[in-house]
Amino acid sequence: MKPFTFRLDKILGYRNYLSKIAQIDLFNARNECVRREKEVKRLSEKRKEIAKSCSDEGVKGIDVPKYKIYQAYLYKIMHDLESAHTRLKQEKENVITKKAVLANESIKKKTLETLKDLQHNKHIDLSEREDQKILDEIVITGRGRRK
């Protein structure tokens, strides 16, 4: 009997490729999300430091132009923090999307792998039946000659 060949092997290889690409995309999205979280934390810490510095200067007695500079800087940091939160939210949504794509690609790949396994098992069963049939014929024809 001829050896087992799976006609959809090229498609299975392509599905493996797509699955690996989806994994890489998810990994990159998660890294970007972590980077955005670090950016939010950094800006938050910077805002706290500037606010503390401004309040310390205020206790000592600060002149108006310097206070205005502090306020403008705090306003800029708050604006940056808001935009960083927005980007972080977008990255989290991107991660969720990439997870869904990876799950979809994994399901498609697993489906083809299961089909390949089923066809391989069917091929093995058929091969074993044919071998058994040949052995049975040899036994039957061999006994007939002895008599």
* Asked: How long is the span from the CG atom in D63 to the NZ atom in K68, to the nearest 0.5 Å?
  -> 12.0 Å

* Using the side-chain contact (heavy atoms from CB on, under 4.5 Å) rule, take K122 and D117 through it: C-alpha gap first, then chi angles, then the decisive distance, then the call. => CA-CA 9 Å; K122 188 185 284 187; D117 290 342; over 6 Å; no

* Any idea which heavy atoms bring L12 and K109 closest together, and the distance? -> CD1-O, 3.8 Å

* Geometric class of the H123/F4 ring pair [parallel <30°, tilted 30-60°, perpendicular >60°] -> tilted

* Scan K41, R42, K48 and name whichever one has a side-chain contact (heavy atoms from CB on, under 4.5 Å) with S44. => K48

* Would you say S53's side chain and E49's backbone share a donor-acceptor pair under 3.5 angstrom? -> no

* Structure fact -> Smallest heavy-atom separation, A22 atom then E105 atom, equals CB-CG, 4.3 Å

* Hey, what do you get for CG (D136) to CG (D131), rounding to the nearest 0.5 Å? -> 11.0 Å

* Does some side-chain heavy atom of L102 sit less than 4.5 Å from a side-chain heavy atom of S106? -> yes

* Side-chain heavy atoms of N104 within contact of K108, under 4.5 Å -> yes

* Test item: Q132 and E137 side chains (from C-beta on) under 4.5 Å apart, heavy atoms -> no

* Asked: Do K46 and Y73 meet the criterion of a side-chain donor-acceptor pair at a distance under 3.5 Å?
  -> yes

* Asked: Should D80 and K76 count as an ion pair when the cut-off is N to O under 4.0 Å?
  -> yes

* Heavy atoms, side chains only, cut-off 4.5 Å: are I124 and Q119 in contact? -> no

* **Any donor-acceptor N/O pair, T111 side chain to I107 backbone, under 3.5 Å** => yes

* To do: Could you tell me whether the side chain of H120 reaches within less than 4.5 Å of the side chain of F6, counting heavy atoms only?
  => no

* To do: Mind checking the CG-CG spacing from N31 to L26? Nearest 0.5 Å is all I need.
  => 9.5 Å

* K116 versus L112: any side-chain heavy-atom pair under 4.5 Å? -> no

* Between Y70 and I77, is there a shared hydrophobic cluster once you connect ILVMFWY residues whose side-chain heavy atoms come closer than 4.5 Å? -> yes

* NZ on K66 to CD on E57, rounded to 0.5 Å -> 4.0 Å

* To do: With the side chain counted from C-beta on, respond yes when L115 and L8 share a heavy-atom pair under 4.5 Å apart, and no when they do not.
  => yes

* Sidechain N-carboxylate O distance under 4.0 Å for R36, E39 -> yes

* Asked: To the nearest 0.5 Å, what is the distance between CD (Q71) and SG (C54)?
  -> 5.5 Å

* Asked: Stepwise, does the salt bridge (Lys or Arg N to Asp or Glu O under 4.0 Å) test hold for D56 with K52?
  -> CA-CA 6 Å; D56 289 346; K52 186 177 184 292; 3.5 Å; yes

* Asked: Is the closest side-chain heavy-atom distance between V139 and L135 below 4.5 Å?
  -> no

* At their closest point, which heavy atom of K98 faces which heavy atom of A29, and how far apart are they? -> CG-CB, 4.0 Å

* To do: Determine, step by step, whether R87 and K92 satisfy the side-chain contact (heavy atoms from CB on, under 4.5 Å) criterion, reporting the C-alpha distance in whole Å, the side-chain angles of both residues, the deciding distance to 0.1 Å, and the verdict.
  => CA-CA 9 Å; R87 288 190 304 266; K92 286 183 178 181; over 6 Å; no

* Separation of I62 CD1 from I69 CD1 (nearest 0.5 Å) -> 8.5 Å

* Asked: In the single-linkage hydrophobic clustering (I, L, V, M, F, W, Y; side-chain heavy atoms under 4.5 Å), do I96 and L88 co-cluster?
  -> no

* Examine L74 and Y67 and state if one hydrophobic cluster contains both, with Ile, Leu, Val, Met, Phe, Trp and Tyr joined whenever side-chain heavy atoms are less than 4.5 Å apart. => yes

* Verdict with supporting geometry, E130 and K133, salt bridge (Lys or Arg N to Asp or Glu O under 4.0 Å) -> CA-CA 5 Å; E130 286 183 7; K133 182 179 176 183; over 6 Å; no

